[in-house]
Amino acid sequence: MTDSIRELTILQPDDWHIHLRDGKALSTTVSHAADSFNRVICMPNLVPPVKNIDDARAYRDRIMEHLQNSELSIERKSAFDPRMTLYLTDKTTPKDIKLAAQSGIVQAVKLYPAGATTNSSDGVTDINACVDVFEALEKYNLPLLIHGEVTQDHVDIFDREKRFLDEVLAQIIVKFPTLKIVVEHITTSDAADFVLTQGNHIAATITPQHLMFNRNHLLLGGIKQHFYCLPILKRESHQKVLLDVATSGNPKFFLGTDSAPHATDKKENACGCAGCYSAATALPLYATAFDSVGKIDKLEGFASRFGAQFYGMPVNESTVTLINTPMQVPSAYPYFDGY
């Protein structure tokens, strides 16, 4: 933060895109998420994935068990509300959507193009085969969350987001004009412009890494695995546009960390896996990014208001205070591989 602002109090934020993983890993990830956020939308790309309402209930129960066993305050435990998602597959049915919408715990359905990112092998292989599911999403007003990249091997990795917007998402919006859609973790000016030209039922989340870094941070002077995520970091010009829209006060853009933990030996090797873990430090990271362009006053809308408004949920009443002081980020956190 700037020297003129030493402390900033905002409404308690929510994270509308997070990976908590599963099993023993939850002992670390749940505490970190609940310490900063009230509501979090939990990604379903587990092994095996969260494909139906029974899977969703079981996963939420596991999360809540680790929450209760944590050392967090009673206040933080009572405020934390993990919102579930279903993993859209070629076999998802309209009945799955109906049951999810009626459950009270499922917030959305997630579309991963098969092979797009970590644990996405069960993702959709043919968008055109999902017509009945998209119709059900419209009917029950259940949002579709999209990892917006094409996955054909011949498409340049830096072009995959734009190609998805032009070739896939534009068609979905035309065919299903009232379907609520969140384009997750946008990385390009193309995506920002695309969302801006759509109606209020189309929104986007932005991660802290895509606001703070660009592909030079990943590649200059050698490949740095801890900057490797998918969608991959893009040019500085794209980073600047993301900062512009995130700090603009436009409610179509809101917080989604895409925080994604990996075991150190999987991240720090010749084929380091994709994902940046930010759950424990996300709020200071976002505050730093907003303050870098003199827009710290816009943080509360982005972090605490716009996502809730898009999902038709009440804005949190509790607050959190950020203090401008140096901090040392740990080099690692306890994490159990295989989840």
Side-chain angles (χ1 to χ4, degrees), residues 1 5-20 28-43 63 67 70 72-85 107-108 143 145 182-186 203-212 242-243 245-261 276-293 295-325 327 329 333:
M1 298 178 212
I5 300 178
R6 304 303 301 176
E7 293 188 7
L8 177 70
T9 298
I10 62 174
L11 293 172
Q12 195 79 38
D14 302 302
D15 187 349
W16 302 101
H17 181 150
I18 194 170
H19 297 267
L20 297 178
T28 294
T29 60
V30 171
S31 293
H32 285 167
D35 196 35
S36 294
F37 304 105
N38 277 9
R39 291 166 294 215
V40 297
I41 289 188
C42 305
M43 292 298 104
I63 292 170
L67 177 70
S70 74
L72 293 171
S73 67
I74 295 176
E75 178 184 11
R76 292 311 308 146
K77 289 180 180 180
S78 61
F80 190 58
D81 181 13
R83 309 300 300 167
M84 299 293 102
T85 54
Q107 196 68 47
L145 313 184
V182 180
V183 191
E184 305 219 88
H185 45 51
I186 62 170
T205 57
I206 308 177
T207 76
Q209 64 263 27
H210 290 105
L211 293 178
M212 298 183 72
L242 295 182
L243 266 171
V245 296
T247 62
S248 68
N250 189 315
K252 294 169 73 70
F253 302 94
F254 45 84
L255 187 155
T257 63
D258 192 21
S259 178
C276 298
Y277 185 64
S278 60
T281 56
L283 295 185
L285 292 174
Y286 280 115
T288 300
F290 275 59
D291 197 48
S292 72
V293 292
K295 295 289 187 69
I296 194 69
D297 60 307
K298 300 295 186 181
L299 180 62
E300 183 178 76
F302 176 86
S304 311
R305 293 184 179 276
F306 300 154
Q309 292 168 4
F310 178 84
Y311 283 101
M313 305 180 76
V315 173
N316 296 318
E317 297 182 359
S318 58
T319 61
V320 60
T321 298
L322 301 172
I323 302 174
N324 184 4
T325 186
M327 65 180 295
V329 178
Y333 297 103

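Computed over heavy atoms, backbone and side chain alike; hydrogens, waters and symmetry mates excluded.
- Residues Ala308 and Arg39 approach most closely at CB-NH2, 3.6 Å, considering heavy atoms.
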Evaluation steps, ring-ring contact (aromatic ring centres under 6.0 Å, His included), between Tyr311 and Trp16
CA-CA 10 Å; Tyr311 283 101; Trp16 302 101; 4.8 Å; yes

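- Between Met313 atom CE and Asp81 atom CG the span is 6.0 Å, to the nearest 0.5 Å.
- Within the model, atoms CG of Leu322 and CG of Leu299 stand 7.0 Å from one another, a figure rounded to the nearest 0.5 Å.
- The distance from the CG atom of Leu211 to the CG atom of Leu242 is 6.5 Å, given to the nearest 0.5 Å.
- A 4.5 Å side-chain heavy-atom check between Val30 and Phe80 finds at least one atom pair inside the cut-off.
- With Phe254 as the fixed residue, the ring-ring contact (aromatic ring centres under 6.0 Å, His included) test singles out one of Phe306, Tyr286, Phe310: Phe310.
- Legend: salt bridge (charged side-chain N to carboxylate O under 4.0 Å, His left out) pairs involving residues 305-323, not counting sequence neighbours, sorted by first then second residue: Glu300-Arg305.
- For the pair Thr257/Leu285, no side-chain contact is recorded, criterion being any heavy-atom separation below 4.5 Å from C-beta on.
- We find the CD1-OG distance between Ile18 and Ser278 to be 7.5 Å, quoted to the nearest 0.5 Å.
- Met327 contributes atom CE, which lies 8.5 Å from atom OG1 of Thr288 (distance to the nearest 0.5 angstrom).
- To the nearest 0.5 Å, atom CG of residue Leu145 and atom NE2 of residue His185 are 10.0 Å apart.
- The minimum heavy-atom distance linking Thr247 with Lys298 is given by the pair O-CG, 3.1 Å.
- For the side-chain hydrogen bond (donor to acceptor under 3.5 Å, both in side chains) test, residues two or more places apart in sequence or in another chain that qualify with Thr207 are Gln209, His210.
- Not counting sequence neighbours, the partners of Tyr277 by the ring-ring contact (aromatic ring centres under 6.0 Å, His included) test are His32, Tyr333.
- Nearest heavy-atom pair, Phe37 versus Leu255, reported as atom, atom and distance to 0.1 Å: CE2-CD2, 3.9 Å.
- The minimum heavy-atom distance between Ser70 and Lys77, with the atom names listed, is O-NZ, 3.0 Å.
- Counting all heavy atoms, side chain and backbone alike, Pro13 lies closest to Asn316 at O-ND2, 3.9 Å.
- By the 30° and 60° cut-offs, the orientation of the rings of His19 relative to His17 is tilted.
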